[in-house]
Novice: 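Take a look at this one; I'll ask things after.
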Amino acid sequence: MKKPKELLSAFEKSVYEATAKIPCGRVTTYAEIARKIKKPGSARAVGNALNKNPFAPKVPCHRVVKTDGTVGGFASGSEKKKVILKKEGIQFNNEKILHFNEKFIKL
DNA sequence: GTCGTGACTAGCC
DNA sequence: CGGCTAGCCACGA
């Protein structure tokens, strides 16, 4: 038996796990996910993990946005991200989320 | 071990 | 509001 090589680092797994916990119709921020996994300040690394997102669509990476209420980025395009979130019940004003404080869920 | 890159954040002008 | 800088972390080459 050979050692099952880790395709992903523990850090990235934690990111997907935390992201998968986001309920429908709600959004969270990269910083909150980073905080949730006990690695505050690693918002940038969180973005890197979601960009790879090998668990998509199991992991709703589109529910993760920036701290200022903007959609941030998305592997398939920020436009697509907004469309998906609109279907979830989130509304937008250009790149900005409406009622962000209301939709934002703290992990 | 070092460098470059990135879906980030906060501060400053 | 828009644009720029510096700081931050993790990964791949």
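Note: hydrogens, waters and symmetry copies are ignored here, and every other heavy atom, side chains too, is used.
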Novice: Ignoring hydrogens and angles, tell me if any N or O in the side chain of A:Lys36 forms a donor-acceptor pair with the backbone of A:Thr19 under 3.5 Å.
Specialist: no
Novice: Between protein and nucleotides 10-13 of chain B, what N or O pairs are separated by less than 3.5 Å?
Specialist:
residue, atom, partner, partner atom, Å
B:dA10, OP2, A:Thr67, OG1, 3.3

Novice: Determine whether a donor-acceptor pair (N or O, by modelled atom type, separation under 3.5 Å) exists between the side chain of A:Lys39 and the backbone of A:Phe11.
Specialist: no
Novice: Out of curiosity, A:Asn53 CG to A:Lys58 NZ, how far, rounded to the nearest 0.5 Å?
Specialist: 11.5 Å
Novice: Round to a whole Å and report the spacing from CZ of A:Arg35 to C1' of C:dC9.
Specialist: 16 Å
Novice: Report yes or no: does A:Lys103 contribute a side-chain atom to a donor-acceptor pair with the main-chain N or O of A:Gln91 at less than 3.5 Å?
Specialist: no
Novice: Restricting to nitrogen or oxygen on both sides, can you table the protein-nucleotides 10-13 of chain C pairs closer than 3.5 Å?
Specialist:
residue, atom, partner, partner atom, Å
C:dC11, OP1, A:Ser9, OG, 2.6

Novice: Within the 4.5 Å heavy-atom criterion, are A:Pro54 and A:Leu7 side-chain neighbours or not?
Specialist: no
Novice: Verify the neighbour count for atom NZ of A:Lys87: are there more than 12 heavy atoms of other residues, nucleotides or ligands below 6.0 Å?
Specialist: no
Novice: In terms of relative ring orientation, are A:Phe74 and A:His62 parallel, tilted or perpendicular, with 30° and 60° separating the classes?
Specialist: perpendicular
Novice: Find the distance between CZ (A:Arg63) and CG (A:Leu50) and round it off to the nearest 0.5 Å.
Specialist: 13.0 Å
Novice: Under a 3.5 Å cut-off for both distances, is B:dG4 Watson-Crick or wobble paired, and to whom?
Specialist: C:dC11
Novice: Rounding to an integer number of Å, can you tell me how far A:Glu95 CD sits from C:dG2 P?
Specialist: 11 Å
Novice: Can you list, in residue-number order, the parts of residues 97-104 of chain A that come under 4.0 Å of DNA chain B, counting heavy atoms only?
Specialist: none
Novice: Given atom CG of A:Asn53 and atom P of B:dG6, what is their separation to the nearest angstrom?
Specialist: 18 Å
Novice: Would you say A:Lys106's side chain and A:Glu32's backbone share a donor-acceptor pair under 3.5 angstrom?
Specialist: no
Novice: Rounded to the nearest 0.5 Å, how far does CZ of A:Phe92 lie from CG of A:Leu98?
Specialist: 8.5 Å
